[in-house]
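Please read the structure below before turning to the comments.
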Amino acid sequence: MVKPFVPQLVYMEPRALEYPLGRRLKKKFTDMGIEIRKTTSHNQVRNLPGENDFQKYRTAKSTLVVGVRKTLKFDTSKPSAEYAIPLATGCMGHCHYCYLQTTMGSKPYIRTYVNVEEILEAAEGYMRERAPEITRFEASCTSDIVGIDHLTHTLKRAIEYFGESETGRLRFVTKFAHVDHLLDARHNGKTRFRFSINADYVIKYLEPGTSSLNDRIDAAVKVAQAGYPLGFIVAPIYLHEGWQEGYRLMFEKLATSLPEVAKKDLTFEWIQHRFTKPAKRVIQKNYPMTKLEMDEARRKWKWGRYGIGKYVYLDEEQAEIQSRLGEYLEEFFPTARLEYFT
């Protein structure tokens with residue numbers, strides 16, 4: 001089992017110590033014997049240990065920066081929510097395909113923000129603007145927040161905040177099984193707890209540093225028993241050798257493990273593997289031995305939402321993905337809701 005994340009190095013903004021959480025984290029990391037350094041800004045961490053880019057990247061992935069989120073304007077989110085709520089940035093996982101490698105560029109370290117109440121107040125403003133409509137907030141657009149929350153409890157605070165909300169809903173997705181501290185949170189059914197799952201091949205070769213499929217499913221069972229609405233993202237759907245059987249086994253394993261209570265309000269989201277030319281360059285630099293297939297000649301070019309082109313699977317391959325996974329969903333989870341396939 002992958003152990004809960006413990007940073008090897010911590011940087012703190014001086015302003016973070018003006019907040020109770022910042023002071024608590026400083027004491028926690030001091031008591032744990034972790035080296036703490038100062039930084040003027042969570043966006044300006046330099047001189048990470050390492051003799052070359054390869055080593056510095058790996059050091060960054062085990063470095064936590066404790067800062068204050070100054071920009072409280074929320075981005076509009078992906079298909080899953082109206083807004084992204086910025087509780088953290090970065091991830092300790094080493095998923096080869098991850099888009100954070102390009103969006104975070106030279107700052108792959110993990111950032112947590114201590115001005116949680118200010119962030120939640122900003123969320124309240126967005127909710128007021130849209131009331132009486134429901135406003136959904138996605139907490140994992142730029143991070144795997146569950147991966148660090150056993151240290152910070154910022155996600156737990158947000159879950160309980162939205163639990164008291166009239167029109168706000170929270171959602172997030174994780175590849176980590178370290179959920180025990182979230183099981184007693186007063187969520188009142190207003191947070192959808194989602195797990196990213198995949199065929200064993202993808203987890204084994206393309207998602208190092210994350211929890212196994214079995215551990216994720218075990219965590220999902222605990223989450224369902226704690227009364228959270230549950231969801232699963234199958235992403236990226238990746239056409240490896242034997243993928244049809246690999247994904248069938250994944251659905252079968254999930255169906256035999258989940259209690260009936262979890263299947264009553266279950267959502268799925270499907271995202272096919274895609275990549276951009278800049279992402280390919282970064283991935284090959286960070287993971288030179290990767291098994292990730294990124295051959296432009298075998299893909300279809302598609303314009304993205306923001307004018308950035310990406311390579312997706314050919315139309316006939318996409319049709320087979322939808323058909324196969326649709327069969328599995330009908331077989332194992334006939335009452336579940338597929339929110340989108342992209």
Side-chain angles (χ1 to χ4, degrees), residues 77-81 95 97-99 136 138 140-141 169 171-175 192-207 210 212-214 216-221 223-224 228-275 292-295 298-305 310-342:
S77 186
K78 304 286 192 280
S80 59
C95 300
Y97 52 77
C98 185
Y99 66 88
R136 299 168 303 165
E138 173 65 65
S140 50
C141 280
R169 300 292 183 272
R171 42 200 290 124
F172 51 87
V173 63
T174 185
K175 293 187 178 85
R192 186 167 294 275
F193 205 130
R194 291 130 72 223
F195 288 85
S196 176
I197 57 172
N198 222 308
D200 283 322
Y201 177 95
V202 176
I203 293 175
K204 180 178 179 181
Y205 292 112
L206 304 180
E207 297 183 353
T210 65
S212 69
L213 178 60
N214 287 344
R216 294 181 209 182
I217 292 174
D218 288 347
V221 170
V223 162
Y228 283 95
L230 192 61
F232 294 95
I233 296 185
V234 185
I237 301 165
Y238 181 73
L239 301 188
H240 57 286
E241 188 176 337
W243 68 270
Q244 297 95 334
E245 182 62 15
Y247 284 107
R248 191 181 193 286
L249 285 171
M250 179 200 77
F251 276 103
E252 188 176 8
K253 194 179 280 190
L254 190 60
T256 54
S257 303
L258 285 184
E260 286 307 309
V261 66
K263 299 176 185 177
K264 287 180 179 149
D265 174 24
L266 198 58
T267 62
F268 281 87
E269 299 154 73
W270 296 348
I271 305 172
Q272 64 171 304
H273 178 245
R274 76 281 309 277
F275 65 91
L292 187 65
E293 180 274 308
M294 293 178 288
D295 181 355
R298 297 171 61 182
R299 300 295 185 110
K300 171 188 169 181
W301 174 262
K302 179 182 177 183
W303 282 108
R305 274 173 68 192
K310 56 193 169 190
Y311 291 94
V312 297
Y313 285 119
L314 302 176
D315 289 346
E316 56 268 31
E317 292 172 324
Q318 293 188 43
E320 188 181 1
I321 288 170
Q322 277 198 282
S323 171
R324 286 285 184 144
L325 269 59
E327 287 172 18
Y328 303 154
L329 198 60
E330 182 61 33
E331 178 182 355
F332 294 110
F333 298 103
T335 61
R337 185 169 76 252
L338 177 62
E339 297 200 321
Y340 59 84
F341 167 67
T342 181

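This chain uses plain numbering: 1 for the first residue, then up along the sequence.
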Output yes when E260 and K263 qualify as a salt bridge under the 4.0 Å nitrogen-oxygen rule, no when they do not. yes
Of all the heavy-atom pairs spanning R274 and R299, show the shortest one and how long it is. CA-NH1, 4.4 Å
Yes or no on side-chain contact (heavy atoms from CB on, under 4.5 Å) for C95 and T210, after CA distance, side-chain angles and deciding distance? CA-CA 8 Å; C95 300; T210 65; 3.9 Å; yes
When you measure from the side chain of R194 to the backbone of F232, do you find a donor-acceptor pair of N or O atoms at a distance under 3.5 Å? no
Gap between atom OH of Y205 and atom CG of L292 - 0.5 Å precision: 14.0 Å
Quick check: closest heavy atoms across S196 and V173, and the distance to 0.1 Å? N-CG2, 3.5 Å
Nearest-0.5 Å distance that lies between atom CZ in R337 and atom CG in D265: 6.0 Å
How long is the straight-line distance from CG of L325 back to CG of L329, given to the nearest 0.5 Å? 8.0 Å
Partner set under side chain to side chain donor-acceptor pair (under 3.5 Å) for K253, not counting sequence neighbours: N214
Would you say the ring centroid of W270 lies under 6.0 angstrom from that of Y340? no
Test ring-ring contact (aromatic ring centres under 6.0 Å, His included) applied to F193 - qualifying residues, sequence neighbours left out: F172, F195, Y228
Rounded to the nearest 0.5 angstrom, the CG-NZ distance for L213 and K204 is 14.0 Å
Okay, side chain of E269, backbone of E339: is any donor-acceptor separation there less than 3.5 Å? no
Any donor-acceptor pair under 3.5 Å from K264 side chain to T335 backbone: no
L314 versus R298, closest heavy-atom pair with distance: CG-O, 3.8 Å
Rounded to the nearest 0.5 Å, the CZ atom of R216 sits from the CG atom of L254 at a distance of 12.0 Å
Closest approach of R171 to R136 (non-hydrogen atoms, all atoms of both residues): CD-CB, 4.3 Å
Side-chain donor-acceptor distances from residues 234-251 under 3.5 Å, at least two apart:
from: Y238; atom 1: OH; to: K291; atom 2: O; distance (Å): 3.4
from: Y238; atom 1: OH; to: E293; atom 2: N; distance (Å): 2.8
from: H240; atom 1: ND1; to: Y238; atom 2: O; distance (Å): 2.9
from: Q244; atom 1: NE2; to: E320; atom 2: OE2; distance (Å): 3.3
from: Y247; atom 1: OH; to: N198; atom 2: OD1; distance (Å): 2.6
from: Y247; atom 1: OH; to: P236; atom 2: O; distance (Å): 3.4
from: Y247; atom 1: OH; to: Y238; atom 2: N; distance (Å): 2.9
from: R248; atom 1: NH2; to: E331; atom 2: OE1; distance (Å): 3.0
from: R248; atom 1: NH2; to: E331; atom 2: OE2; distance (Å): 2.5

Does any N or O in the side chain of Q272 come within less than 3.5 Å of the main-chain N or O of Y313, such that one atom is a donor and the other an acceptor? yes
If you look at every heavy atom in V221 and S257, which pair is closest and at what distance? CG2-O, 3.5 Å
Do you know which two heavy atoms are closest between S212 and I203, and how far apart they sit? CA-CG2, 4.4 Å
